[in-house]
Each structure stands twice: as C-alpha cells, then as structure tokens.
Trainee: 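Please read through the structure below; I'll follow up with questions.
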Amino acid sequence: MKALVYEGPRKVSVKEVPDAKIERPTDAVVRIRSTNICGSDLHMYEGRTDMESGRVLGHENLGEVVEVGSAVDKLKVGDWVAVPFNVSCGHCENCEHGLTAFCLNANPSGTAGAAYGFADMGPYNGGQAEYLRVPWADFNCLRLPEDAEEKQLDYVMLADIFPTGYHVTELAGLMPGESVVIFGGGPVGQMAALSATIKSASKVMVVDWHPDRLALCEKIGAIPIDYSKVDPVERVKELTNGKGADRGCECVGYQAHDPQGREHPNLTMNNLVKAVKFTGGIGVVGVFIPNDPGGPDPLAKQGEIVFDWGMLWFKGQRVATGQCNVKAYNRQLRQLIHMDKAKPSWIVSHTLSLDKAPDGYLHVTVRPVMWRERLQADEERVRRAPRRASCSDAELER
C-alpha cells in the first residue's frame with residue numbers, strides 16, 4: 001500500500017510499505033477516506049521531536065472497515081468509522097476512568113498513552129496511507145451514521161481536532177454565560193471557539209496575528225484580537241470591564257512566536273496568566289514536550305519554560321493540561337454533526353491526494369497562515385487514496 005513516510009527533518013515521501021493487516025484478533029483494518037495533517041505532524045516533520053525515520057505519519061483518520069479480527073464483535077465490514085488519535089485498550093485503570101489519552105497498556109515503552117504515527121507514543125503506524133490497522137477496534141472505532149460519506153469533512157474532525165477544541169474548554173472549566181479568551185487561532189483554537197459557542201459562552205475572544213485565522217473565527221461570532229496590532233492582555237481587559245476573562249485556553253504550544261517571528265515557548269502561557277481573571281481557569285492543549293531538539297534555548301531543549309508562577313499563584317488561578325481523551329467527547333460531537341448543530345468543516349480550505357501529501361507539508365510549513373489540508377482520493381483511484389481535511393495552522397497549528 002502507499003503511505004506517507006517520515007525520513008528525517010523536513011523530508012517526507014509517499015512510498016510503498018507493507019499492507020496494514022490483522023495482527024491480533026481484536027484488530028480491524030480500515031481503508032482511509034480522509035486524514036488530516038496535524039500541527040503535531042509538523043512538530044515531527046520539522047525535527048522538533050525524536051520521531052524515528054521510516055514511520056508512517058497521520059493520527060486523524062476516518063475510513064471504511066474492510067477487515068475485522070475474529071474477536072471483533074461490534075464492527076462489521078462496510079462500517080464507516082472515525083478513529084480517535086488515542087490508541088487505547090479500553091480496560092486498564094485509566095481507560096476505565098475515561099482517560100484514554102493515558103492508556104496504561106497500549107504503549108510498550110511503558111509511557112501512559114499511545115497514538116498513531118506519533119513520536120514516543122508507541123509503534124503504531126499512522127493513517128496518511130491507504131489503509132490503517134486499528135488495535136482494540138471495538139473500543140477505538142466510532143461508527144458513523146448513514147451520512148458519513150457526505151459529511152466526512154466534518155466527521156474526520158472527530159479524530160482529534162474537534163474533541164481537542166472541546167477538551168480545552170473543559171480543562172479551563174468553561175460554563176454557560178462565562179467569557180473565554182483563546183490564544184491561538186489555528187484549527188485547535190477555531191474548534192475551541194466553536195465549542196465555547198456550543199457551550200453558550202457569553203464572549204469568545206481569539207488571539208492570533210494571521211488575518212485568515214482571525215477571519216475564520218469571526219465567522220462564528222468570536223471577537224478577533226490581532227496581537228501584532230494591540231496588546232492582547234489589555235484588549236481582553238477592555239472587553240471584560242477590566243476584570244479579565246473568566247477562562248483561558250492555550251491552543252498554541254511550545255512553538256509560540258511573536259509577530260516578528262521570534263520563538264517564545266512561554267509567550268502564550270504567561271499572557272494567559274495576565275489575561276485571565278483572579279480565580280479563573282486555564283486549559284492547555286497546545287503541545288509541550290519533555291525534549292525539544294530544536295528548542296531556541298537550553299531550557300526549551302529540555303522542555304522547560306520561564307513561567308510566571310508567582311502571578312498564577314497570587315491570582316488563585318487553576319491550570320489543567322494534557323492531550324484530549326477523544327472518546328470522552330466524540331460520540332456527543334458526532335451527534336451534533338449528524339443533526340446539523342455543528343459543522344466543523346468550515347475551517348477546511350484545501351484537499352489533496354495522498355500522492356501530493358509531501359507538497360502539503362511543504363505548503364503549511366512555508367506559509368505563515370495555518371492551513372489544514374485534507375488528502376483526497378484521485379478520480380482514477382477512487383476509494384483508495386486517503387483524503388485529508390484542511391484547517392488553518394492550528395492543526396497545522398499548535
């Protein structure tokens with residue numbers, strides 16, 4: 001089968017690799033219909049992780065079941081499914097508590113948590129390929145309604161980006177009627193803004209400096225704040241009568257930049273402490289990693305930042321972090337899509353064939369505007385090459 005293979009910093013190519021196959025009775029094989037390029041993929045692509053060469057990338061996947069193992073009970077061939085980026089067993093202590101991003105059994109290295117095509121998160125190949133092996137398939141696959149093919153640009157967002165955007169509002173503790181400031185207007189920030197709207201936030205403010213991103217957020221009623229033109233902290237205070245936002249969401253991560261292009265891993269975290277009110281809540285889903293080979297300074301290379309802990313403590317704020325437990329949200333969000341209550345595909349800008357995936361990576365890392373690409377099957381290879389959904393940098397993001 002064809003797949004996108006990581007070959008080292010800023011080098012990926014589409015190659016023939018061994019077919020995905022049933023390895024355990026609980027496995028399924030899914031023919032990929034749509035798959036997204038995530039900001040986490042870009043961290044790996046740019047050499048900012050210790051991702052090993054030869055791995056197939058892609059952890060945001062949607063497709064059709066073509067084979068099931070002998071122990072698979074709920075799935076059948078022909079089902080359309082969204083596959084959470086988390087690989088989880090479903091029966092360890094963490095999975096039983098809904099913490100599927102921290103499964104204790106899926107990662108042979110002993111780290112809690114596994115994912116497809118992801119540095120340090122197990123041996124699982126990704127879905128930027130024609131086919132994907134899904135372990136513990138009954139637990140991990142979310143079956144989709146009869147409109148799956150028609151709405152696949154929406155449903156593919158259930159693999160990561162939409163639940164992650166919702167998750168950060170949960171981490172922040174957002175309640176109906178509260179205000180929220182979201183730092184980062186890429187796909188994660190856009191999905192956080194959509195989720196905040198769904199949760200009836202009274203005021204949703206999005207901080208970024210890319211006009212395309214801010215315009216997308218404004219389409220759903222968010223207030224854009226261009227931090228290349230104004231002090232974002234002061235603007236948030238103006239919009240909240242000097243109090244600060246009730247809640248804050250970090251949707252950027254360790255590769256945060258100022259408008260001049262200089263990298264500051266601590267930029268958004270410290271701005272959130274300033275912009276969120278006393279006793280407010282902060283949720284963090286932007287990626288921060290223990291080791292960053294390309295970090296701008298010795299601290300960053302060790303996954304450390306200079307953080308305004310004193311002010312955080314003084315303001316009595318609470319911070320919650322971590323990757324999204326996709327299964328905690330994907331079923332409910334699926335229903336919102338199915339009933340036309342949410343249409344996350346509004347962020348999609350481009351579709352690409354699998355063969356064009358390397359160009360997609362180059363495009364999203366060279367352009368300052370964050371795009372989310374969707375790999376699309378060629379006419380002559382219908383139902384074979386994966387599709388990829390497009391956002392703006394957030395997923396091309398964080």
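Remember, it's a predicted structure, so these values are computed and weren't measured experimentally. In what follows, residues are counted from 1 in the order of the sequence shown.
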Trainee: Would Met121 and Gln323 count as a side chain to side chain contact (heavy atoms under 4.5 Å, CB included) here? Give the steps.
Mentor: CA-CA 12 Å; Met121 298 197 72; Gln323 288 189 329; 3.2 Å; yes

Trainee: Take Arg133 and Asn125, measure what side chain to side chain contact (heavy atoms under 4.5 Å, CB included) needs, and give me the verdict at the end.
Mentor: CA-CA 8 Å; Arg133 171 193 167 230; Asn125 272 330; over 6 Å; no

Trainee: Does some side-chain heavy atom of Glu7 sit less than 4.5 Å from a side-chain heavy atom of Ser13?
Mentor: yes

Trainee: Rounded to the nearest 0.5 Å, what's the gap from CG on Asp138 to CZ on Arg143? Could you check?
Mentor: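 Rounded to the nearest 0.5 Å, the CG-CZ separation comes out at 8.0 Å.
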
Trainee: Distance-only, no hydrogens or angles: does the Arg55 side chain make a donor-acceptor pair with backbone N or O of Tyr124 under 3.5 Å?
Mentor: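 Indeed, once roles are kept as given, a pair shorter than 3.5 Å links the two residues.
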
Trainee: Between Leu312 and Val319, is any pair of side-chain heavy atoms under 4.5 Å apart?
Mentor: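 Contact flag for Leu312/Val319 side chains = yes.
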
Trainee: So does Asn36 get a backbone contact from the side chain of Gln128, meaning a donor-acceptor N/O pair under 3.5 Å?
Mentor: yes

Trainee: List the steps and the verdict of side chain to side chain contact (heavy atoms under 4.5 Å, CB included) for Phe102 and Asn325.
Mentor: CA-CA 8 Å; Phe102 304 92; Asn325 308 297; 3.8 Å; yes

Trainee: To the nearest 0.5 Å, how far apart are CG in Leu174 and SG in Cys249?
Mentor: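 Here the interatomic distance stands at 7.0 Å.
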
Trainee: With a 4.5 Å limit on heavy-atom distance, are the side chains of Leu171 and Val284 in contact?
Mentor: no

Trainee: Restricting to non-hydrogen atoms, name the atom on Ala119 and the atom on Asp50 that form the minimum distance, rounded to 0.1 Å.
Mentor: CB-OD1, 4.0 Å

Trainee: Establish whether Ile220 and Leu153 are linked, either directly or via other cluster members, by ILVMFWY side-chain heavy-atom contacts under 4.5 Å.
Mentor: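 Linked, Ile220 and Leu153 end up in one cluster.
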
Trainee: Hydrophobic cluster membership, with links at side-chain heavy-atom distances under 4.5 Å among I/L/V/M/F/W/Y: are Val230 and Leu272 in one?
Mentor: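 Per the 4.5 Å side-chain linkage, Val230 and Leu272 are co-clustered.
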
Trainee: Relative to the ring of Tyr329, is the ring of Tyr166 parallel (under 30°), tilted (30 to 60°) or perpendicular (over 60°)?
Mentor: tilted

Trainee: Looking at Lys301, I want to see if its NZ is surrounded by more than 12 non-hydrogen atoms of other residues, nucleotides or ligands under 6.0 Å.
Mentor: yes

Trainee: Is there a side-chain contact between Val180 and Lys199 in this structure, where contact means two heavy atoms from C-beta onward sitting under 4.5 Å apart?
Mentor: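 A side-chain contact under 4.5 Å is absent here.
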
Trainee: For Lys327 and Phe139, indicate whether the former's side chain and the latter's backbone hold a donor-acceptor pair under 3.5 Å.
Mentor: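 Answer holds: yes.
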
Trainee: Would you check if the side chain of Gln317 reaches a backbone N or O of Val273 as a donor-acceptor pair within less than 3.5 Å?
Mentor: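 Side chain of Gln317 to backbone of Val273: a pair is present.
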
Trainee: Quick one: pull up CD1 in Ile305 and CG in Asp297 and give me the separation to the nearest 0.5 Å.
Mentor: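 With rounding to 0.5 Å, CD1 (Ile305) is 10.5 Å from CG (Asp297).
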
Trainee: Any side-chain heavy-atom pair from Leu194 and Phe162 closer than 4.5 angstrom?
Mentor: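 Answer yes - side chains close enough.
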
Trainee: Mark yes or no for whether Asn86, through its side chain, and Gly113, through its backbone, hold a donor-acceptor pair below 3.5 Å.
Mentor: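 Side chain of Asn86 to backbone of Gly113: no pair is present.
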
Trainee: How close do Asn61 and Gly127 get, heavy atom to heavy atom, and via which atoms?
Mentor: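 Distance-wise, the nearest heavy atoms are OD1-CA, 3.3 Å.
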
Trainee: Side-chain contact, heavy-atom cut-off 4.5 Å: Tyr155 with Pro145?
Mentor: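 Yes, their side chains come closer than 4.5 Å.
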
Trainee: Can you name the closest pair of heavy atoms from Leu354 and Leu4 and give their distance?
Mentor: CD1-N, 4.5 Å

Trainee: Quick one: does any side-chain atom of Asn271 pair with a main-chain N or O of Thr268 as donor and acceptor, under 3.5 Å?
Mentor: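 Looks like no, no N/O pair under 3.5 Å.
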
Trainee: Using atom types as modelled and distance alone, determine if a side-chain donor or acceptor of Asn270 lies under 3.5 Å from a backbone N or O of Val306.
Mentor: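 Answer holds: yes.
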
Trainee: I'd like to know if Glu64 and Arg33 make a salt bridge, using a cut-off of under 4.0 Å between side-chain N and carboxylate O.
Mentor: yes

Trainee: Are Lys74 and Asp79 ion-paired here, with the side-chain N under 4.0 Å from a carboxylate O?
Mentor: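 The answer is no: the pair does not qualify as a salt bridge.
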
Trainee: Side chains of Ser109 and Asn107: donor-acceptor distance under 3.5 Å anywhere?
Mentor: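 Yes, side-chain donor-acceptor contact under 3.5 Å.
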
Trainee: Are Lys151 and Asp340 within salt-bridge range, i.e. N to O under 4.0 Å?
Mentor: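 So Lys151 pairs with Asp340 through a salt bridge.
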
Trainee: Short question: side chain of Ser179, backbone of Ser202 - any donor-acceptor pair under 3.5 Å?
Mentor: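 Checking the backbone N and O of Ser202 against the side chain of Ser179, no donor-acceptor pair under 3.5 Å is found.
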
Trainee: Among Glu67, Arg31, Lys2, Lys21, which residue meets the side chain to side chain donor-acceptor pair (under 3.5 Å) test with Tyr131?
Mentor: Arg31

Trainee: State, to 0.1 Å, how close Thr164 and Cys324 come at their nearest heavy-atom pair, and which atoms those are.
Mentor: OG1-CB, 3.4 Å

Trainee: Could you tell me if the side chain of Asn140 sits less than 4.5 Å from the side chain of Ser88, heavy atoms only?
Mentor: yes

Trainee: With a 4.0 Å cut-off on N to O distance, would you call Lys277 and Glu178 a salt bridge?
Mentor: no

Trainee: Roughly how far, to the nearest 0.5 Å, is the CE atom of Met157 from the CG atom of Leu333?
Mentor: 13.0 Å

Trainee: To the nearest 0.5 Å, what is the distance between CD1 on Ile225 and CG on Leu214?
Mentor: 9.0 Å

Trainee: For Asp27 and Trp136, work out which heavy atoms get closest and say how close.
Mentor: OD1-N, 4.2 Å

Trainee: Decide whether Leu239 and Val181 are clustered together by the hydrophobic rule: side chain heavy atoms of Ile, Leu, Val, Met, Phe, Trp, Tyr closer than 4.5 Å, transitively.
Mentor: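 Leu239 and Val181: one cluster.
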
Trainee: Val65 and side-chain contact (heavy atoms from CB on, under 4.5 Å): which single residue from Val81, Val72, Val134, Val29 fits?
Mentor: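 Between Val65 and the candidates, side-chain contact (heavy atoms from CB on, under 4.5 Å) is satisfied uniquely by Val81.
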
Trainee: Just wondering, do Phe307 and Asn266 contact through their side chains at under 4.5 Å, heavy atoms?
Mentor: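 No; the side chains remain at least 4.5 Å from each other.
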
Trainee: Considering non-hydrogen atoms only, spot the tightest contact between Pro18 and Met1 and give its length.
Mentor: O-CE, 3.7 Å

Trainee: Roughly how far, to the nearest 0.5 Å, is the CG atom of Leu62 from the CD atom of Glu149?
Mentor: 10.0 Å

Trainee: Same hydrophobic cluster for Val206 and Val285, using side-chain heavy-atom links shorter than 4.5 Å among ILVMFWY?
Mentor: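 Different clusters: Val206 never reaches Val285 through Ile, Leu, Val, Met, Phe, Trp or Tyr contacts under 4.5 Å.
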
Trainee: For the side-chain contact (heavy atoms from CB on, under 4.5 Å) test, which of Glu263, His264, Gln255 pairs with Pro296?
Mentor: Glu263

Trainee: Short question: side chain of Gln335, backbone of His338 - any donor-acceptor pair under 3.5 Å?
Mentor: no

Trainee: May I ask you to decide if the ring planes of Tyr254 and His43 are parallel, tilted or perpendicular, using 30° and 60° as cut-offs?
Mentor: tilted

Trainee: Kindly determine whether Glu250 and Val168 satisfy side chain to side chain contact (heavy atoms under 4.5 Å, CB included), including the steps that lead there.
Mentor: CA-CA 8 Å; Glu250 206 287 350; Val168 72; 5.8 Å; no

Trainee: On the 0 to 90° scale, with breaks at 30° and 60°, tag the His59-Phe85 ring pair as parallel, tilted or perpendicular.
Mentor: perpendicular

Trainee: With clusters defined by side-chain heavy atoms of hydrophobic residues (ILVMFWY) lying less than 4.5 Å apart, directly or transitively, does Tyr227 cluster with Met205?
Mentor: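 Cluster IDs for Met205 and Tyr227 match.
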
